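Numbers here are sequence positions counted from 1. Computed over heavy atoms, backbone and side chain alike; hydrogens, waters and symmetry mates excluded. Just so it is clear, the structure is predicted and the values come from calculations on it, not from any experiment.
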Amino acid sequence: MTKKIVVLPGDGIGPEIVAEAVKVLAAFQQQGLEIELEYGLIGGAAYDETGTPFPDDTRVMSASADAILLGAVGGYKWESLDISVRPEKGLLAIRSALNLFANLRPAILYPQLAEASTLKPEVVAGLDLMIVRELTGGIYFGQPRGVRTLDNGEKEGFNTLVYRESEINRIGKVAFDIAQKRQGRLCSVDKANVLESTELWRDTMTALSADYADIELSHMYVDNAAMQLVRAPKQFDVMVTTNMFGDILSDCASMLTGSIGMLPSASLDENGKGMYEPIHGSAPDIAGQNSANPLATILSVAMMLRYSLDESAMADRIEQAVSKVLDQKLRTADIYSDGMTRVSTSEMGDAVVAAL
Ligand code: NAD
């Protein structure tokens with residue numbers, strides 16, 4: 001049966017990098033992959049046209065999709081808008097509307113790029129880490145929230161960090177299941193020494209581990225985890241953590257690999273439907289220059305094929321093709337070094353399609 005993929009290019013470099021990922025999908029389509037693409041608006045582009053960063057049309061088409069491919073949202077142009085209609089709200093809204101509670105962020109260091117990392121090659125070479133971030137709960141969604149004026153006239157900003165047992169259990173299960181398919185080690189990251197909600201997080205993960213005798217579960221405070229990620233990142237196999245801690249730690253992990261432009265992500269619901277996007281933002285500083293790295297978005301398509309379309313062999317082929325273009329010394333500006341051949345966004349996309 002034909003699978004429907006909703007494509008949401010978004011803002012900044014979003015349309016440029018998504019166009020390259022669509023080339024890869026089109027190549028598989030020509031080889032018999034039964035998919036249809038439907039384009040929609042999100043973020044600043046959606047706000048400009050409809051007055052909201054997550055229009056109803058996008059909500060409806062995404063709800064009936066098998067998978068969603070997203071570029072990135074945001075940019076200088078929309079920074080002064082009220083927070084309720086800023087482009088980033090569109091992203092939070094679609095994750096929440098589709099109940100995409102599990103965010104999978106692999107940090108893999110391609111050996112060809114070991115020199116691109118700011119860390120010593122021996123610290124990062126061979127890194128293969130998966131961060132599982134809770135995506136629809138925690139402090140980014142907790143109520144009450146806001147800015148209020150106190151009796152003395154001073155303003156006070158406040159947010160709420162809240163997690164229910166059921167929310168912790170379902171993200172925990174995703175992480176334990178992934179650890180079973182990898183090296184069998186799961187590190188749960190919290191701040192249980194000062195935050196009660198993450199004390200519950202720790203207790204719930206420990207209780208869940210009774211169902212996963214084959215997995216070695218450990219716990220780590222988030223401040224230590226940040227330090228360990230830069231000190232000795234290869235000690236980790238799978239990490240599972242809250243929405244905000246995962247947001248920060250996965251960006252840190254991304255830099256271990258040399259470029260934010262290399263890392264894909266998947267956000268899944270309970271049935272395996274997912275939204276796939278690079279972990280980087282809309283990079284307004286380089287938008288429109290045909291210089292952004294499209295590999296994170298192309299690798300997001302590989303994750304889509306693996307997790308939502310049940311086409312693991314095609315996913316493997318994309319990952320091998322990316323490795324091949326790196327072997328061919330092709331590099332976009334963000335991963336360029338002496339002796340390499342510098343290519344544009346579209347040249348990189350074409351090279352991956354040729355290598356497939
Ligand atoms: P960013 O990830 O957009 O950019 C950070 C730096 O990395 C910039 O120097 C940029 O040029 C570079 N970079 C990012 N992706 C690249 C790529 N594919 N190839 C080459 N270089 C790349 O983060 P930022 O500057 O903090 O945010 C810019 C905008 O993006 C903001 O509006 C922010 O809110 C938004 N944002 C969106 C998402 C998302 O859509 N998922 C995520 C993060 C930030």
Side-chain angles (χ1 to χ4, degrees), residues 95 99-108 124 127-142 159-257 263-270 272 274 279 303 307:
R95 288 171 181 164
N99 215 4
L100 304 173
F101 69 93
N103 187 213
L104 277 45
R105 294 189 172 204
I108 295 172
V124 288
L127 177 74
D128 181 0
L129 157 72
M130 176 72 90
I131 296 187
V132 179
R133 166 188 171 196
E134 200 291 324
L135 202 59
T136 52
I139 198 163
Y140 291 177
F141 292 94
N159 292 87
T160 305
L161 173 55
V162 55
Y163 269 115
R164 288 194 308 272
E165 244 177 330
S166 55
E167 288 175 290
I168 305 168
N169 258 314
R170 66 177 185 178
I171 191 72
K173 280 183 190 149
V174 170
F176 275 102
D177 287 347
I178 288 174
Q180 276 181 327
K181 295 188 191 115
R182 294 172 48 103
Q183 296 166 31
R185 290 181 294 114
L186 177 63
C187 179
S188 173
V189 177
D190 59 44
K191 189 74 181 167
N193 49 345
V194 280
L195 298 172
E196 287 81 354
S197 52
T198 72
E199 198 180 355
L200 178 68
W201 178 281
R202 183 175 286 221
D203 292 346
T204 308
M205 290 293 170
T206 302
L208 195 56
S209 71
D211 298 338
Y212 293 89
D214 51 335
I215 302 300
E216 186 193 312
L217 173 70
S218 60
H219 302 277
M220 198 177 271
Y221 295 137
V222 63
D223 40 351
N224 187 24
M227 187 175 78
Q228 296 300 332
L229 263 183
V230 217
R231 193 188 70 84
K234 284 189 276 183
Q235 69 184 281
F236 298 111
D237 177 22
V238 181
M239 297 173 100
V240 61
T241 191
T242 64
N243 200 342
M244 183 164 71
F245 294 163
D247 190 2
I248 298 165
L249 292 180
S250 59
D251 265 24
C252 175
S254 75
M255 271 325 288
L256 303 174
T257 71
L263 294 178
S265 77
S267 307
L268 307 177
D269 74 1
E270 246 145 334
I279 74 156
M303 291 189 87
Y307 292 106

Can you tell me how far apart [atom1] ([X]) and [atom2] ([Y]) are? Round to the nearest 0.5 Å.
X	Y	atom1	atom2	answer
N169	T204	CG	OG1	6.0 Å
H219	D203	NE2	CG	8.0 Å
Q235	Q228	CD	CD	4.5 Å
L268	L100	CG	CG	7.5 Å
L129	K234	CG	NZ	12.5 Å
F245	D223	CZ	CG	8.5 Å

[X] versus [Y], closest heavy-atom pair with distance:
X	Y	result
L217	S209	CD2-CB, 3.7 Å
V238	A175	CG1-O, 4.2 Å
M205	G172	CE-CA, 3.6 Å
L161	G138	CD1-CA, 3.9 Å
S250	I131	CA-CD1, 3.7 Å
D269	G272	OD1-N, 3.0 Å

Worksheet item: So, N99 and E270: side-chain donor and acceptor under 3.5 Å apart, yes or no?
Response: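 Note: N99 and E270 side chains miss the donor-acceptor criterion.
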Would you indicate whether the side-chain heavy atoms of [Y] and [X] approach each other to under 4.5 Å?
X	Y	result
Y212	L186	no
I178	L104	yes
M227	Y221	no
V132	I171	yes

Worksheet item: Run the salt bridge (Lys or Arg N to Asp or Glu O under 4.0 Å) check on K173 and D211 step by step: do they pass?
Response: CA-CA 9 Å; K173 280 183 190 149; D211 298 338; over 6 Å; no
Would you check if the side chain of [X] reaches a backbone N or O of [Y] as a donor-acceptor pair within less than 3.5 Å?
X	Y	result
E134	T136	yes
N243	Y140	no
S265	I279	no
D128	D237	no
T257	A107	no

Worksheet item: How far apart are the C-alpha atoms of R133 and L249, what are their side-chain angles, what is the distance that settles it, and do they pass the side-chain contact (heavy atoms from CB on, under 4.5 Å) test?
Response: CA-CA 9 Å; R133 166 188 171 196; L249 292 180; over 6 Å; no
Item to complete: Before giving the answer on side-chain contact (heavy atoms from CB on, under 4.5 Å), spell out for M239 and L229 the whole-Å C-alpha distance, their side-chain angles and the decisive distance to 0.1 Å.
Response: CA-CA 11 Å; M239 297 173 100; L229 263 183; 4.2 Å; yes
Practice prompt. Count the heavy atoms of every other residue, nucleotide or ligand shown that sit under 6.0 Å from CD of E216, and state whether that count exceeds 12.
Written response: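 At most 12 heavy atoms, drawn from other residues, nucleotides or ligands, come within 6.0 Å of this atom.
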Worksheet item: Should we count CZ of R164 as having more than 12 external heavy atoms under 6.0 Å?
Response: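 Atom CZ in R164 is not packed in, count stays at 12 or less.
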Worksheet item: Checking side-chain contact (heavy atoms from CB on, under 4.5 Å) for the pair D214/Q180: CA distance, chi angles, key distance, verdict?
Response: CA-CA 8 Å; D214 51 335; Q180 276 181 327; 3.0 Å; yes
Discussion item. Apply side-chain contact (heavy atoms from CB on, under 4.5 Å) to residues M220 and F236 and explain how you reach the verdict.
Written reply: CA-CA 11 Å; M220 198 177 271; F236 298 111; 3.8 Å; yes
